[in-house]
Amino acid sequence: EESLVSKARDVFARVPTLWALFCEILACQGLSTMLNVCCITKVSEVIPDDKERAGWMGKFFATINVLSCVLQFGILPATSSFTEPSML
């Protein structure tokens, strides 16, 4: 019986789109982590007080989450009813 790793390797070899998606996810996560570290480093230089920095960062990430929610559940569904997914 084949192991899970060899089955996964066969699927990735058979479907090149999976390999492209895997590389895209790795790149996105790596760049996101690097951007987060750079942002937190700069903010801690500008706002040395931990409590004030935590409050500011909490509001910042809350705003980002709200904007993401509006885009994912409001704007994109409304847009996708007028356009084909290939056009996006």
Side-chain angles (χ1 to χ4, degrees):
E1 185 175 312
E2 282 187 285
S3 71
L4 183 62
V5 173
S6 63
K7 287 180 185 179
R9 190 175 345 148
D10 291 342
V11 170
F12 274 91
R14 194 174 64 242
V15 185
T17 305
L18 286 178
W19 179 250
L21 288 171
F22 177 74
C23 292
E24 180 184 3
I25 289 169
L26 286 180
C28 181
Q29 291 298 314
L31 290 173
S32 176
T33 300
M34 190 169 61
L35 181 63
N36 191 25
V37 168
C38 290
C39 177
I40 289 174
T41 302
K42 289 295 182 186
V43 169
S44 47
E45 290 173 3
V46 174
I47 306 173
D49 182 37
D50 286 340
K51 288 182 182 179
E52 186 179 352
R53 183 174 59 245
W56 192 89
M57 293 300 288
K59 290 175 187 171
F60 173 74
F61 283 116
T63 303
I64 295 296
N65 287 334
V66 167
L67 290 175
S68 176
C69 183
V70 168
L71 179 66
Q72 289 178 18
F73 299 111
I75 296 172
L76 286 177
T79 305
S80 67
S81 65
F82 298 109
T83 60
E84 292 293 320
S86 62
M87 298 295 290
L88 297 175

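Residue numbers start at 1 and run along the sequence shown.
- Placement of Phe60 and Val46 within a single hydrophobic cluster is found when ILVMFWY residues are connected by side-chain heavy-atom separations under 4.5 Å, directly or transitively.
- Taking both residues in full, the closest heavy atoms of Lys7 and Glu2 are given as CE-O, 3.8 Å, listed atom of the first, atom of the second, then distance.
- Nearest approach of Phe22 to Phe12, heavy atoms of both residues: CB-CE2, 3.9 Å.
- Rounding to the nearest 0.5 angstrom, the gap separating the CD atom in Gln29 from the CE atom in Met34 is 13.0 Å.
- Rounded to the nearest 0.5 angstrom, Asn36 CG and Leu31 CG are separated by 12.5 Å.
- For the residue pair Ser68 / Gln72, a side-chain donor-acceptor distance below 3.5 Å is found, with atom types taken as modelled.
- Rounding to the nearest 0.5 angstrom, the gap separating the CD1 atom in Ile75 from the SG atom in Cys69 is 10.5 Å.
- With salt bridges taken as basic N to acidic carboxylate O contacts below 4.0 Å, one links Arg53 and Asp50.
- Using a 4.5 Å heavy-atom cutoff, the side chains of Val70 and Leu67 are not in contact.
- What you find for Ser6 and Ser3 is that their closest heavy atoms are OG-O, 2.9 Å.
- Checked options Thr41, Leu35, Ile40; the residue passing with Val37 is Thr41 (criterion: side-chain contact (heavy atoms from CB on, under 4.5 Å)).
- Side-chain atoms of Asn65 come within 3.5 Å of backbone N or O of Phe61 as a donor-acceptor pair.
- When hydrophobic clusters are built by joining Ile, Leu, Val, Met, Phe, Trp and Tyr residues whose side-chain heavy atoms come closer than 4.5 Å, directly or via intermediates, Phe73 is not grouped with Ile64.
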